[in-house]
Protein chains: 2
Amino acid sequence: MMIQIDFHSDEAIYVQLCNQIILGIATSQFREGEQLPSVRALAEAIGVNMHTVNKAYAILQREGFLKIDRRRGAVIALDIDKLRALSEAREELSIVLARAICRNINRNEMHALVDDIYDAWGG
Amino acid sequence: MMIQIDFHSDEAIYVQLCNQIILGIATSQFREGEQLPSVRALAEAIGVNMHTVNKAYAILQREGFLKIDRRRGAVIALDIDKLRALSEAREELSIVLARAICRNINRNEMHALVDDIYDAWGG
DNA sequence: CATCTGTTATAGGAATGATATAACAGATGG
DNA sequence: CCATCTGTTATATCATTCCTATAACAGATG
């Protein structure tokens, strides 16, 4: 998977990294059990500091998207807590929907957007 | 509307302010043409600096959620650019859906969440 | 033993977030 | 006219965050 960082974005690099990897998992570009590049390798590849990648990996580990093994490095491993996941999704979705509603995007249009994305990702 | 700030959150105060006001608009607690408190009044009310509120108002103005008039202060005024709005909503939604998919939240559950929120807000 | 993992410590520089004080221009109401 | 209310701008300061840099450590591999 190609990870793309926008160095001119106002979003922190480590946040972009987290989001890109999560997007990669959701779109099956990364699969359960698959290894991610080592912190040093990925840092070298995208031209950032090792600690920036390490920070992203540590966050993804803490949030249950991957597990880290000194032998194999960072490995995709999803920790599912469905109830908490739904609660978190609802909160994040609320912010997005609020902005959308202010722009006159109605319920049907939002459902269409959701379907679009699920379709595009093969869900 | 009661604006609630979490001073222990890792989200910046001015970001929380923006989100709360957008949520307020989406849920009809604020209506088109309605006045918001003055920067000084709101800052006093929630116990933050005037400039912090001013920053939030300036952002909301730039993003087209309100207009600012020296006479009447900050007034809800939605600037609708439907195409751009859909594009932005899609991007924000992608991040939320990616996290949700990683937690095994399927398409139907996501649609249910969307309906839940629209229902709760009277959409 | 050399080399690869993640991890930790420490430090420095740049940018951001929040505060504080102060002043200005425009509009309002007495 | 004047006191008072708007948003806005200009400084300055302080703490925190982001990113980088250098270095070292423990565990596992071949």
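To find a chain, count down the sequence lines: A is the first, B the second, and so on, and within it residues start at 1. As a basis for the values below, the full set of heavy atoms in this structure was taken, side chains included, without hydrogen atoms, waters or symmetry mates. The model shown is predicted, which means the values in this text are computed figures rather than measured ones.
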Compare side-chain N and O positions of [X] against OP1 and OP2 of [N] and report whether any pair is under 4.0 Å apart.
X     : N      : answer
A:K55 : D:dC18 : yes
B:Q61 : D:dT8  : yes
B:Y14 : C:dA18 : no
B:T52 : C:dG17 : no
B:S38 : D:dT6  : yes

Does [X] come within less than 4.0 Å of [Y], counting only side-chain N to carboxylate O?
X      : Y     : value
B:R99  : A:E63 : yes
B:E109 : A:K82 : yes
A:D79  : A:R62 : no

Cation-aromatic face contact B:R103/A:F65, 6.0 Å, 45 degrees: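 Judged by the rule (NZ or CZ under 6.0 Å from the ring centre, within 45° of its axis), B:R103 counts as positioned above A:F65.
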Canonical and wobble pairing (Watson-Crick, G-U, under 3.5 Å) of DNA chain D, dot-bracket with |: ||||||||||||||||||||||||||||||
Ignoring hydrogens and angles, tell me if any N or O in the side chain of [X] forms a donor-acceptor pair with the backbone of [Y] under 3.5 Å.
X     : Y     : value
B:E34 : B:R31 : yes
A:Q20 : A:I5  : no
B:S9  : B:D6  : no

Whole angstroms only, please: what is the [atom1]-[atom2] distance between [X] and [N]?
X     : N      : atom1 : atom2 : result
B:F7  : C:dT19 : CZ    : C1'   : 12 Å
A:I5  : D:dC18 : CD1   : P     : 14 Å
B:I13 : C:dT16 : CD1   : C1'   : 13 Å
A:E44 : D:dT20 : CD    : P     : 13 Å
B:I68 : D:dC5  : CD1   : C1'   : 15 Å
B:Q35 : D:dT6  : CD    : P     : 9 Å
B:I46 : C:dT19 : CD1   : C1'   : 14 Å
B:L36 : D:dT6  : CG    : P     : 13 Å

Distance, nearest 0.5 Å, that separates CG of A:D115 from CE of B:M110: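 Nearest 0.5 Å value for the CG-CE distance: 11.5 Å.
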Sugar-phosphate, base or nothing in reach of B:E11, heavy atoms under 4.0 Å: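 It contacts nothing in the nucleic acid.
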Shortest non-hydrogen contact from B:Q16 toward B:Q4: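 Looking at all heavy atoms of both residues, the closest pair is OE1-O, 4.4 Å.
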Can you pull every protein N or O that's under 3.5 Å from an N or O on nucleotides 20-24 of chain C?
from	atom 1	to	atom 2	distance (Å)
C:dT21	O4	B:H51	NE2	3.2
C:dA23	N6	B:R40	NH2	3.3

